[in-house]
Protein chains: 2
Amino acid sequence: MVIIQNVGQYLLDNGIKPSIQRIKIFDFLMKNHEHPTVDKIFLSLSDEIPTLSKTTVYNTLKLFQSQGIVNIVNIEDHETRYDCDTSFHGHFKCLECKNLYDFELENTELNINKFEGFKITESHYYLKGLCKSCLSNKI
Amino acid sequence: MVIIQNVGQYLLDNGIKPSIQRIKIFDFLMKNHEHPTVDKIFLSLSDEIPTLSKTTVYNTLKLFQSQGIVNIVNIEDHETRYDCDTSFHGHFKCLECKNLYDFELENTELNINKFEGFKITESHYYLKGLCKSCLSNKI
DNA sequence: TATATTTTTGCAATCATTACAGATTTATAA
DNA sequence: TTATAAATCTGTAATGATTGCAAAAATATA
Ligand SMILES: [Mn+2]
Ligand SMILES: [Mn+2]
Ligand SMILES: [Zn+2]
Ligand SMILES: [Zn+2]
């Protein structure tokens, strides 16, 4: 994962004009690696930016996606989560504590040779189950 | 993938009473491997069962899921698709023609050793890009 | 400073899904 | 068979996430 020192510059480098809202939203994603939902982001930033509109959160995340600095994590069909870590990695969700874990994944590990002549632009790998601590609590 | 001769019996074997609606919905999934949406299933069966309710389609698919004979394919966040092939396999979606392709995947191929002490109950592997024929059409 | 452009906001509209209650069908027992 | 109970199905209303849109606010340009 890339470490970003200056969010404003990072946005500029990716063709995004760094408004207050955009900076705070990206900053929130960086500091909250639990892959928050729109609602989580909106509610969390409402203190800091009392005038913030949920539409702005939606618009901003869409902009971030289109510029490739944010990805959707779609591990559950009823909740859309966002991830500013665009490096190749997988996601595990514990069905008990609902926590979402990142995990590393060798790109080559999944290089499917069944797709001769196909062009693969996106890949998502999702696992679900019970995490270590939830499992030990069950004993 | 398991080949099912008798849908009614298959439902019974999986603890589901085989009503007309349930049989036709499962049958539709078997015969239409493009992983249809609720809308597609509902519209397609409306001729055969003019009284069919969309609620029934939702309820039935939920029942099938709970009995483990149908899985959700959540490759796009705005469309929920259903799959009666519960064997382990991955999905590829062509962003041009929108077709959804199954692909085989060795279970062991993806057995992540990073999850010592975790219990994995579900895994989904989604790829997106351009399929062979769409790529060749672009030339 | 005046004007144009971009961004944000708030609310209405849309769309998929769920809740619910009544109708219909199927199972059970007299 | 007939009456009663249980299960299933249906139609509509409610919910909730997302999008559309037009006005307001902020920022850039002349
Ligand atoms: Mn992640
Ligand atoms: Mn499939
Ligand atoms: Zn857990
Ligand atoms: Zn294609």
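Keep in mind it's a predicted model, so treat the numbers as computed, not measured.
- For the residue pair A:G117 and B:L135, the shortest heavy atom distance occurs at O-CD1, 3.2 Å.
- Put simply, CD on B:E76 is 17 Å from C1' on D:dA17, counting in whole angstrom units.
- Within residues 12-24 of chain A, no residue approaches DNA chain D, by heavy-atom distance under 4.0 Å.
- Contact record, B:V57 with B:I25: CA-CD1, 4.0 Å, taken as the closest heavy-atom pair.
- Closest approach of B:I72 to B:Y126, counting heavy atoms only: O-OH, 4.0 Å.
- Rounded to an integer number of Å, the gap from CG of A:L52 to P of C:dG10 is 9 Å.
- For A:D39 and B:T55, each mapped to the nucleotide of DNA chain D holding its nearest heavy atom, the one lying further toward the 5' end belongs to B:T55.
- Distance CD1 (B:I25) to P (D:dT8): 13 Å, rounded to an integer number of Å.
- Atom-to-atom, NZ of B:K62 to P of C:dT17 comes out at 9 Å; the value is rounded to the nearest Å.
- The aromatic rings of B:F26 and B:F64 stand perpendicular to each other, their planes meeting at an angle above 60°, with 30° marking the opposite boundary.
- Between the CG atom of A:L61 and the P atom of C:dT8 there is a distance of 12 Å, given to the nearest Å.
- In this structure, A:N74 atom CG and D:dA17 atom P are separated by 15 Å, rounded to whole Å.
- The B:Y58 side chain lies nearest to C:dA16 when the options are C:dA16, C:dT9, D:dT10.
- The distance between atom CG of A:N59 and atom P of D:dG20, rounded to the nearest whole Å, is 10 Å.
- Taking the six-membered ring where the residue is Trp, the centroids of A:F103 and A:F92 are separated by 6.0 Å or more.
- Residue whose closest nucleotide on DNA chain C sits further toward the 5' end, between A:S53 and A:D77: A:S53.
- Looking at B:R22 and B:L63, their side chains come closer than 4.5 Å, going by heavy atoms from C-beta outward.
- Protein atom NE2 of A:H78 is 15 Å distant from nucleotide atom C1' of D:dT15, rounded to whole Å.
- Side-chain N/O atoms of B:T80 include one lying less than 4.0 angstrom from OP1 or OP2 on C:dT17.
- Atom NZ of B:K54 sits in a crowded spot, with more than 12 heavy atoms from other residues, nucleotides or ligands closer than 6.0 Å.
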